[in-house]
Amino acid sequence: MSYGINIINADSYLTFNEDKIYYQFEEKLESSKATVLFPSRFYWDTTYTGSKYPIVFIHSNGYWASIIDTYRLANNKWRIEVWTEGSLADATKNNITGYLFTESSESSTNPSWGIKINDASGNRVYDSDFAIMRIKDFVTMP
């Protein structure tokens, strides 16, 4: 490596590197603030104004829910459409929550302390002002 940064923890795992893209937490989407399309389908409009597709994860304490569409609106904000087995009233009761993550370069901060990591082209790949997504495991569903 002729430039950049590698940070390796005590277990010899590479934790930060300028060649990776880090996804940061951007917004929490509550089912109580969703808009109904059909009884089992609703959407969230987000405040995220980036140009790159966000990654959204859903957590539900009851009915299953699935993201069926994500697209950018005319004002460069995003809409996430969700389908669930219950109605939105059930979704609200069972607290279906979306967690929106974006590439680190999509939001800007001006912290007085912390760390920012840029790649060789000067694009930010990490900003300590945001919580980053950490994938702990993958599972296979039958």
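Computed from a predicted model, the values in this text were never measured in an experiment.
- Residues passing the side chain to side chain contact (heavy atoms under 4.5 Å, CB included) test with Asn75 are Leu73, Lys77, sequence neighbours excluded.
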Query raised in the report: Would Thr102 and Lys52 satisfy side-chain contact (heavy atoms from CB on, under 4.5 Å), going step by step from the backbone distance to the final call?
Result: CA-CA 8 Å; Thr102 62; Lys52 297 180 182 175; over 6 Å; no
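- To the nearest 0.5 Å, atoms OG1 (Thr47) and CH2 (Trp78) are separated by 13.5 Å.
- To the nearest 0.5 angstrom, Ile55 atom CD1 is 12.5 Å from Glu26 atom CD.
- We find the OG1-CD distance between Thr97 and Glu30 to be 4.5 Å, quoted to the nearest 0.5 Å.
- A search for salt bridge (charged side-chain N to carboxylate O under 4.0 Å, His left out) contacts involving Arg72 returns nothing, not counting sequence neighbours.
- For Glu27, there are no salt bridge (charged side-chain N to carboxylate O under 4.0 Å, His left out) partners at least two apart in sequence or on another chain.
- By the side-chain hydrogen bond (donor to acceptor under 3.5 Å, both in side chains) test, Asp69 pairs with no residue at all, sequence neighbours left out.
- A 4.5 Å side-chain heavy-atom check between Arg79 and Trp44 finds every atom pair outside the cut-off.
- Residues passing the ring-ring contact (aromatic ring centres under 6.0 Å, His included) test with Phe25, sequence neighbours excluded: Phe101.
- In this structure, the ring of Phe38 has its center no less than 6.0 angstrom from the ring center of Trp83.
- For the side-chain hydrogen bond (donor to acceptor under 3.5 Å, both in side chains) test, no residue two or more places apart in sequence or in another chain qualifies with Thr70.
- Taking 4.5 Å as the limit, every side-chain heavy atom of Leu29 sits out of range of all side-chain heavy atoms of Val82.
- With sequence neighbours left out, Leu37 forms a side chain to side chain contact (heavy atoms under 4.5 Å, CB included) with Arg41, Tyr43, Glu81.
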Query raised in the report: Is there a side-chain contact (heavy atoms from CB on, under 4.5 Å) between Ile80 and Leu100 once you walk through the steps?
Result: CA-CA 10 Å; Ile80 292 96; Leu100 188 132; 3.9 Å; yes
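- If you take CG on Asp45 and NZ on Lys33, they are separated by 13.5 Å, rounding to the nearest 0.5 Å.
- Closest approach of Ile96 to Ala65, counting heavy atoms only: CD1-CB, 3.8 Å.
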